[in-house]
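As the structure lists them, so they are numbered: ligands from 1, and atoms in each ligand from 1.
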Amino acid sequence: MISKGVDVAIIGSGPAGLAAAIGAKEAGAEKVTILERAEQPGGLLHQCIHNGFGLTYFDEDLTGPEYARRLIEKAMDLKVDIELESMVIDLSPDKELVWSNKHGLRKLQPRAIILAMGCRERTRQQILIPGLNPSGIMTAGTAQRYVNCEGYIPGKEVVILGSGDVGMIMARRLTLEGVKVKAVVEILPYIGGLIRNEVQCLGDFNIPVYLSHTVTNIHGQQRVEGVTISRVDNNFEPIDGTEFRIDCDLLLTSVGLIPENELSLKAGVRLDPVTGGPIVNENMETNVSGIFAGGNVVHVNDLVDNVSFESEISGTRAAEYALGKTPPSVRRIQLKAGKNIRYVVPQSIDAGKEATIYMRVKEPAEKVKLDIGGIYSENLRVVKPSEMLKAKLTLDQLRKIKGGVSEIEVSCVKRSK
Ligand SMILES: Cc1cc2nc3c(=O)[nH]c(=O)nc-3n(C[C@H](O)[C@H](O)[C@H](O)COP(=O)(O)OP(=O)(O)OC[C@H]3O[C@@H](n4cnc5c(N)ncnc54)[C@H](O)[C@@H]3O)c2cc1C
């Protein structure tokens with residue numbers, strides 16, 4: 001039997017799903033249900049026990065679990081139903097969900113759905129590191145879970161491949177636990193994560209960093225015994241003769257996050273080939289009417305605060321959709337990634353609605369001007385691919401878009417002075 005009484009169903013109870021549920025409730029949706037496959041709500045925040053969360057969303061410096069707890073308590077006060085150990089396994093374009101829990105398979109057809117499934121880590125297999133397959137190779141997120149949630153230290157001497165935020169945070173965390181972090185190895189000529197993590201997690205602990213280098217071999221039969229590191233050329237190809245070995249018993253990979261969109265694809269949701277997440281409009285609605293999305297399932301965010309801000313919008317708009325109160329659209333404007341912009345989210349906006357847009361640059365640059373279709377500009381001292389750019393477009397700015405224009409370009413180019 002298909003249950004039909006739910007206004008908004010949300011898949012995932014991370015900071016995106018919880019903020020979306022709060023947004024939906026506050027916008028008047030009566031029955032809001034979150035389906036979460038894990039045993040507890042909060043998503044990945046539970047394993048992020050360091051501080052630095054909530055500086056803009058809560059105006060406070062919180063740890064990941066503290067941040068999650070705030071959202072969980074608010075959702076519970078608003079009487080959001082949170083179904084735990086409930087994994088959504090199918091989703092159709094007409095918004096029929098199939099989920100499983102300890103009682104078996106269930107079906108639900110809510111009026112609106114919000115995708116908030118987060119992302120997963122790219123693994124060693126996906127980047128094809130040669131060498132044997134001994135134990136002691138894992139993603140930085142797996143090590144984070146072992147150390148912070150399960151109480152295990154996964155090695156004594158570690159090399160970390162990739163300087164994404166999770167990798168840098170684990171370099172500090174493992175150092176504090178007495179593990180020797182022998183190197184962070186990064187294929188790019190610059191650090192892949194936030195500047196604040198570079199300073200606080202690597203610099204403050206004197207952790208050796210090898211930029212423009214990669215791991216080209218893994219040694220050890222049963223257990224990792226060491227890795228070979230090589231310098232790479234401009235095409236990221238290892239340069240012969242530059243190899244050197246570092247002995248270690250643990251290799252962590254921190255080589256990118258992939259939005260979890262298998263369910264989205266089943267529902268016919270179109271994905272952006274650059275972000276790997278659904279193409280959304282200013283309401284965070286996908287191409288499938290009534291299916292919305294928020295958080296890392298849309299694009300990998302560096303700050304959880306932005307995940308919550310963005311997902312609150314998807315909750316509000318999903319509630320309006322479910323209640324038949326979606327404001328009419330004025331004129332659709334596509335946002336095109338121009339010079340030095342890798343992507344823009346949302347990919348389109350409405351000329352008659354204020355919108356916050358998020359962007360990432362392709363290359364680091366200094367003294368640049370961010371320009372959005374001539375209606376918004378901002379001078380920035382430094383930009384990096386790892387630091388997301390955010391711009392709020394007001395109605396006054398949107399009114400400057402000339403009639404008949406259906407696409408504007410976003411660019412980030414060097415200033416003349
Ligand atoms: C391994 C890892 C470590 C991280 N560590 C840090 C860190 O140290 N510091 C930091 O600032 N940021 C960190 N981040 C980023 C941060 O966790 C995210 O920005 C934030 O959690 C994203 O929120 P979200 O709600 O979009 O996704 P998540 O927090 O990932 O939540 C998604 C939720 O959806 C659930 N779900 C997925 N599929 C289904 C399904 N089919 N059915 C039911 N439920 C489902 C998952 O169980 C999960 O609870 C990390 C990310 C990863 C992947």
**Report entry** Region of Arg120 that comes within reach of ligand 1 [heavy atoms, distance under 4.0 Å]
**Finding:** neither
Query raised in the report: Looking only at protein heavy atoms, which one is nearest to atom 52 (C) of ligand 1, and how far off is it?
Result: Leu44 CD1, 3.4 Å
Query raised in the report: Have Gln47 and Tyr146 got a donor and an acceptor in their side chains that come within less than 3.5 Å?
Result: no
Query raised in the report: So does Glu282 pair up with Arg332, basic N to acidic O under 4.0 Å?
Result: yes
Query raised in the report: To which protein heavy atom is atom 11 (O) of ligand 1 closest, and what is the distance rounded to 0.1 Å?
Result: Phe53 CE2, 3.2 Å
Query - Nearest-neighbour protein heavy atom for atom 13 (C) of ligand 1, which is reported as residue plus atom name and distance - result: Cys48 SG, 3.9 Å
Report summary line: For Glu36, the ligand 1 atoms with a heavy-atom partner under 4.0 Å come out as 33 (C), 34 (O), 35 (C), 43 (C), 44 (N), 46 (C), 47 (O), 48 (C), 49 (O)
Report task. For atom 3 (C) of ligand 1, grab the closest protein heavy atom and report residue, atom and distance to one decimal in Å. Result -> Gln144 OE1, 3.2 Å
Query raised in the report: For Val307, is the nearest heavy atom under 4.0 Å from an atom of ligand 1?
Result: yes
Report summary line: If you scan protein heavy atoms around atom 31 (O) of ligand 1, the nearest is Gly14 CA, 3.5 Å
Query raised in the report: Counting only N and O atoms by type, is there a donor-acceptor contact under 3.5 Å from the side chain of Asn217 to the main-chain atoms of Val227?
Result: no
Requested in this report: May I ask you to identify, for Leu263, whether its side chain, its backbone, both or neither come under 4.0 Å of ligand 1 on a heavy-atom basis?
Outcome: side chain
Query raised in the report: Backbone, side chain, both or neither: what part of Pro41 comes under 4.0 angstrom of ligand 1, heavy atoms only?
Result: neither
Report task. Heavy-atom contacts with Gly141 under 4.0 Å: which atoms of ligand 1 show up? List them by number with element. Result -> 1 (C)
Query raised in the report: Is Trp99 near ligand 1, meaning one of its heavy atoms is under 4.0 Å from it?
Result: no
Report task. For atom 19 (O) of ligand 1, find the nearest protein heavy atom and state the residue, atom name and distance (0.1 Å precision). Result -> Asn296 ND2, 3.4 Å
Query - Ile195 side chain reached by Lys384 side chain, heavy atoms, under 4.5 Å - result: yes
Query raised in the report: Closest non-hydrogen protein atom to atom 36 (N) of ligand 1, residue and atom name please, with distance?
Result: Arg37 NE, 3.6 Å
**Report entry** Numbered atoms of ligand 1 (with element) below 4.0 Å of Gly43, judged on heavy atoms
**Finding:** 29 (O), 31 (O), 48 (C), 49 (O)
Report summary line: In this structure, atom 16 (C) of ligand 1 is nearest to the protein heavy atom Val304 CG2, 4.1 Å
Report task. Examine the proximity of ligand 1 to Glu260 and report which part, side chain or backbone, both or neither, has a heavy atom under 4.0 Å away. Result -> neither
**Report entry** Charged N-O contact under 4.0 Å between Glu85 and Lys102
**Finding:** no
Query raised in the report: Quick one: does Val185's side chain get under 4.5 Å of Val159's, heavy atoms only?
Result: yes
Query - Between Arg172 and Asn197, a side-chain donor and acceptor under 3.5 Å - result: no
